[in-house]
Amino acid sequence: MISHPLKIDDAITLEDGTHVNLQGWIVRLRKHGSLTFFDLENSKSSIQCVVSRELLKATDGLQSLLKPEAAIVVEGKIATRKDNPQLPPDLICEYIEVVGPVIKPMSPSPRTADLDASGLTDHKLTNQHMYMRNPKIRAAMLLRHELLGFFHRWFRENDFVEFTAPVLTPIPIYQDKTAIDLEIHGENVFLTQCVGFYLEAAIHGLDRVYNIGPSFRKEKSRGRRHLMEYWHIKAGIAFCDRERMMGVVEDLIQQGVAFSQNLRSLISTFGGSVCKPLPEGPFPRISYREACGLISETTGKTMQFGSSLSPDRQNVLGTRFDTPFWVVGMPRTIEPFPYVIDPDDDELTMTADLLAPGDYGELLGVAEKISDLAELDERMLEKGREKDSRYQWVRDLRNLGAAPQAGFGLGFERFLRWIAQGYHVRDFIGFPRMFGRKIHP
RNA sequence: UCCGGGGUAGCUCAGCUGGCAGAGCAAGCGGCUGUUAACCGCUAGGUCGUGGGUUCGAUCCCCACCCCCGGAGCCA
């Protein structure tokens, strides 16, 4: 392991009188006449530093350089606190170098601003680059880091190969108008909405594959569950059907929730609370038709067969469960063309959506993919894509040893939002891109 | 895209049924030896989102546009 300079969390365990050299940022500066206090902070911990009048006078310009947010290097010795020996020790400063001065102070100070305060939403998003140092943002980013690590470990432990699919693609999976397009070499190409087609190809060489990367959708949505750019966890398995894939997903979610129980203090840092531990065993499931009935009955308004599970309908179902639950078999009219039609009910597809309890909505979708070319052509015709030559290579895959396969796709920020019982998916990505908001920074 | 709410100091907001623009916090200066949202005093800070209209006079009323927030439809 590469060596680190002494860290603040190590320093506070040292004996009185030990000389240390620390780096970090100033927070909560308290200036008195001849004594100045501040907390020196880095990503993991902080220590209270004490500066005497003598040091301030001896160092040119130090008085005016000591400001909240300044990046400094400080030397001094550890000392038990005079006011309260029970608290972690002070650092009595003997030398301070301001390496990153405060040229233009910001208000509120992003390192200490309370982001729960009302009205800061736009200010925070406009200054997202400055707020990366805020403890709440930092904790949310650390949660993201922890769970991204979990997903990679889980996939690798379960024999999935990480396949890094392209972001530029000639073919959107949904309508072209919800894809972000750009022109290259005179051709229209898109930022990926879903890497599913590329995983279909990869499966024929690698059996079990996954991809974690961004997906882009220009859906005209301003809700709390949508980002224009979100991280999409996709996986596919050859010779797999819906039933088996649902079992795979259940294990993934069970373990993800179990893992997250250890992240309680991180999650509480940004005001979240960990979702409840899950009971063992498979998640409850209802059919799409049952969901229609249940929603009609609960709301008193008839939900027609073929209408989609809109957020308010998902919430109606969400109140009925306290674990994630499946809605199995979405209608063929609302699902994209590559998904298999249910052999027992040709109005339905071999799909299953996993919804979170409460108002967190859809976490992921499972689908069996069509491997038969004639069936694929029929579905492309049905969706008006039969003359679309861009999909020729997707058809080619069905011409040469196409294996039956199933896959799933999970919205990473939605998953985080549910795990931490958060407010908005934008709180779980470093630089959120949302429909209806200018892309900045 | 549609519906609703909003845009006033660096930040959060008050104000005005049309008559010289306000507070708290932040900032700058001064004071203070145990503070931790330190405290006390002083100072400075404004194209009232942009453009047009009505009016003797518009931050306020009207129109258009821009930007933001919340929700809807669509989705993961």
Side-chain angles (χ1 to χ4, degrees), chain A residues 26-39 41 46-54 63-64 67-69 79-85 87 90 92 102 104-115 117-127 130 173-175 177-179 193-196 214-234 307-314 330 334-336 353-356 360-367 408-418 423-426 434-438 440:
Chain A
I26 295 176
V27 287
R28 288 179 291 274
L29 187 69
R30 282 94 60 189
K31 283 186 175 179
H32 295 246
S34 48
L35 210 51
T36 297
F37 301 90
F38 61 83
D39 299 322
E41 176 189 271
S46 70
I47 186 170
Q48 172 165 277
C49 296
V50 185
V51 186
S52 66
R53 170 174 275 169
E54 290 67 40
Q63 175 87 281
S64 57
K67 285 180 181 167
E69 305 264 2
T80 300
R81 283 182 66 139
K82 284 184 183 162
D83 59 329
N84 186 348
L87 292 173
D90 286 338
I92 308 298
V102 174
K104 187 181 167 199
M106 226 183 121
S107 172
S109 170
R111 212 169 265 283
T112 49
D114 178 9
L115 293 177
S118 64
L120 277 178
T121 306
D122 180 47
H123 171 74
K124 189 215 108 187
L125 290 171
T126 302
N127 296 285
M130 306 304 264
I173 186 169
Y174 301 104
Q175 305 97 319
K177 66 181 180 193
T178 64
Q193 289 182 304
C194 170
V195 298
S215 278
F216 303 86
R217 296 187 188 178
K218 204 171 50 181
E219 285 147 1
K220 297 173 167 50
S221 167
R222 291 188 39 78
R224 288 181 278 157
R225 300 171 186 181
H226 284 265
L227 291 167
M228 273 203 299
E229 176 179 341
Y230 69 98
W231 275 58
H232 204 172
I233 299 182
K234 292 284 297 183
S307 36
S308 62
L309 278 178
S310 56
D312 56 325
R313 288 174 176 147
Q314 292 177 11
M330 306 303 284
I334 57 175
E335 288 291 333
D353 285 353
L354 187 69
L355 274 64
Y360 295 95
E362 187 177 348
L363 295 174
L364 64 82
V366 162
F408 74 84
L410 175 148
F412 185 46
E413 290 78 16
R414 282 191 185 174
F415 180 76
L416 294 174
R417 173 174 174 254
W418 169 59
Y423 177 71
H424 199 300
V425 285
R426 68 178 171 222
M434 288 165 291
F435 183 82
R437 190 185 164 89
K438 193 175 168 179
H440 164 87

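Proteins come first, then strands; the chains are lettered A, B, ... in the order of their sequence lines, and each starts at number 1.
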Kindly give the atom pairs (protein nitrogen or oxygen, nucleotide nitrogen or oxygen) under 3.5 Å for nucleotides 27-31 of chain B.
from, atom 1, to, atom 2, distance (Å)
B:rG28, OP1, A:Lys67, NZ, 3.2

Report, one pair per line, the protein and nucleotides 42-45 of chain B atoms (nitrogen or oxygen only) whose separation is under 3.5 Å.
none

Could you pull out the protein-nucleic contacts involving nucleotides 64-72 of chain B (nitrogen or oxygen on both sides, under 3.5 Å)?
from, atom 1, to, atom 2, distance (Å)
B:rC68, OP1, A:Lys438, N, 2.8
B:rC68, OP2, A:Gly436, O, 3.3
B:rC68, O3', A:Arg437, NH1, 2.7
B:rC69, OP1, A:Arg437, NH1, 2.8
B:rG70, OP1, A:Arg426, NH1, 3.4
B:rG70, OP1, A:Arg426, NH2, 2.7
B:rG70, OP2, A:Arg426, NH1, 3.4
B:rG70, N7, A:Arg222, NH2, 3.3
B:rG71, OP1, A:Arg224, NE, 2.7
B:rG71, OP1, A:Arg224, NH2, 3.3
B:rA72, N6, A:Lys220, O, 3.3

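Residues satisfying the ring-ring contact (aromatic ring centres under 6.0 Å, His included) test with A:Phe412, not counting sequence neighbours, are A:Phe151. Residues forming a ring-ring contact (aromatic ring centres under 6.0 Å, His included) with A:His32 (at least two apart in sequence, or on another chain): A:Phe37.
The line from OG1 of A:Thr112 to CZ of A:Arg28 is 7.0 Å long, rounded to the nearest 0.5 Å. Annotation: the span from A:Cys49 atom SG to A:Leu29 atom CG amounts to 10.5 Å, rounded to 0.5 Å. In this structure, A:Lys82 NZ and A:Leu87 CG are separated by 15.0 Å, a value rounded to the nearest 0.5 Å.
Each of B:rC11, B:rG10, B:rA38 was ranked by its minimum atom distance to the side chain of A:Arg30; first place goes to B:rA38. The listed nucleotides are B:rC11, B:rC74, B:rU36; the one nearest the side chain of A:Glu219 is B:rC74. Minimum atom distance to the side chain of A:Asp83 is reached by B:rG34, of the listed B:rU12, B:rC75, B:rG34.
Between A:Thr126 and A:Arg437 there is a side-chain heavy-atom pair separated by less than 4.5 Å. The shortest side-chain heavy-atom distance between A:Val366 and A:Leu354 does not fall under the 4.5 Å cut-off. Here the side chains of A:Glu219 and A:Phe435 are not in contact, with every heavy-atom distance at 4.5 Å or above.
Contact annotation: A:Ser34 side-chain N/O to B:rU33 OP1/OP2 distance is under 4.0 Å.
Taking atom P on both B:rU36 and B:rA21, the two are 39 Å apart, rounded to the nearest angstrom. Rounded to the nearest Å, the gap between the C1' atom of B:rC13 and that of B:rG18 is 23 Å. With P as the reference atom, B:rG53 and B:rC60 are 14 Å apart, rounded to whole Å. On the P atoms, B:rC56 is 28 Å away from B:rC65, given to the nearest whole Å. Here the separation of B:rG6 from B:rC63, taken at their P atoms, is 15 Å to the nearest Å. Separating the P atom of B:rG24 from that of B:rC40 is a span of 11 Å, rounded to the nearest Å. A gap of 15 Å separates the P atoms of B:rC66 and B:rG51, to the nearest Å. Of the P atoms belonging to B:rG49 and B:rU43, the separation is 28 Å, rounded to the nearest Å.
For RNA chain B, the stems formed by at least three consecutive Watson-Crick or G-U pairs, with both atom-pair distances below 3.5 Å, span B:1-7 with B:66-72, B:10-13 with B:22-25, B:27-31 with B:39-43, B:49-53 with B:61-65.
Across all non-hydrogen atoms, the minimal contact from A:Phe38 to A:Val51 is CE2-CG2, 3.6 Å. Between A:His123 and A:Asn127 the shortest heavy-atom distance is O-ND2, 2.8 Å. The two atoms that bring A:Met130 and A:Pro110 nearest to each other are O-CB, 3.4 Å, heavy atoms only.
When each of A:Glu413, A:Arg225, A:Arg217 is checked for a side-chain hydrogen bond (donor to acceptor under 3.5 Å, both in side chains) with A:Tyr230, only A:Arg217 meets the rule.
In terms of modelled atom types and a separation under 3.5 Å, the side chain of A:Gln314 and the main chain of A:Leu309 share a donor-acceptor contact. The main-chain N or O of A:Arg111 is found under 3.5 Å from a side-chain atom of A:Glu69 such that the two form a donor-acceptor pair. At distances below 3.5 Å, not a single donor-acceptor pair connects side-chain atoms of A:His226 with backbone N or O atoms of A:Met434. A:Arg426 places no side-chain N or O within 3.5 Å of a backbone atom of A:Leu227 that could act as its donor or acceptor partner.
Nucleotide B:rA37 holds its C1' atom 17 Å from the CZ atom of A:Arg111, rounded to whole Å. Following rounding to the nearest Å, A:Leu227 (CG) and B:rC74 (P) show an atom-to-atom distance of 19 Å. Rounded to an integer number of Å, the gap from A:Asp39 CG to B:rU36 P is 11 Å. The interatomic distance linking A:Tyr230 (OH) with B:rC75 (C1') rounds to 8 Å, in whole Å. The separation between A:Glu54 atom CD and B:rU33 atom P is 12 Å, rounded to whole Å. For the pair A:Leu29 CG and B:rC32 C1', the computed distance is 15 Å after rounding to whole Å. For A:His123 and B:rG7, the NE2 to P distance is 18 Å, given to the nearest whole Å. Taking atom CD1 of A:Ile26 as the reference point, atom P of B:rA38 lies 13 Å away to the nearest angstrom.
A:Thr126 comes within 4.0 angstrom of no nucleic acid atom, judged by non-hydrogen atoms across all strands. As judged by a 4.0 angstrom heavy-atom cut-off over every strand, A:Arg217 is placed among the base-contacting residues. Across all strands, A:Gln48 comes closer than 4.0 Å to base atoms (heavy-atom distances). Residue contacts for A:Leu410: at a heavy-atom cut-off of 4.0 Å it reaches no nucleic acid atom on any strand shown. Within the nucleic acid shown, A:Gln193 has no heavy atom closer than 4.0 Å to any nucleic acid atom.
Side-chain N/O atoms of A:His32 and base N/O atoms of B:rC39 include no donor-acceptor pair closer than 3.5 Å.
Along RNA chain B, the nucleotide closest to A:His232 and the one closest to A:Ser107 are compared, and the more 5′ of them pairs with A:Ser107.
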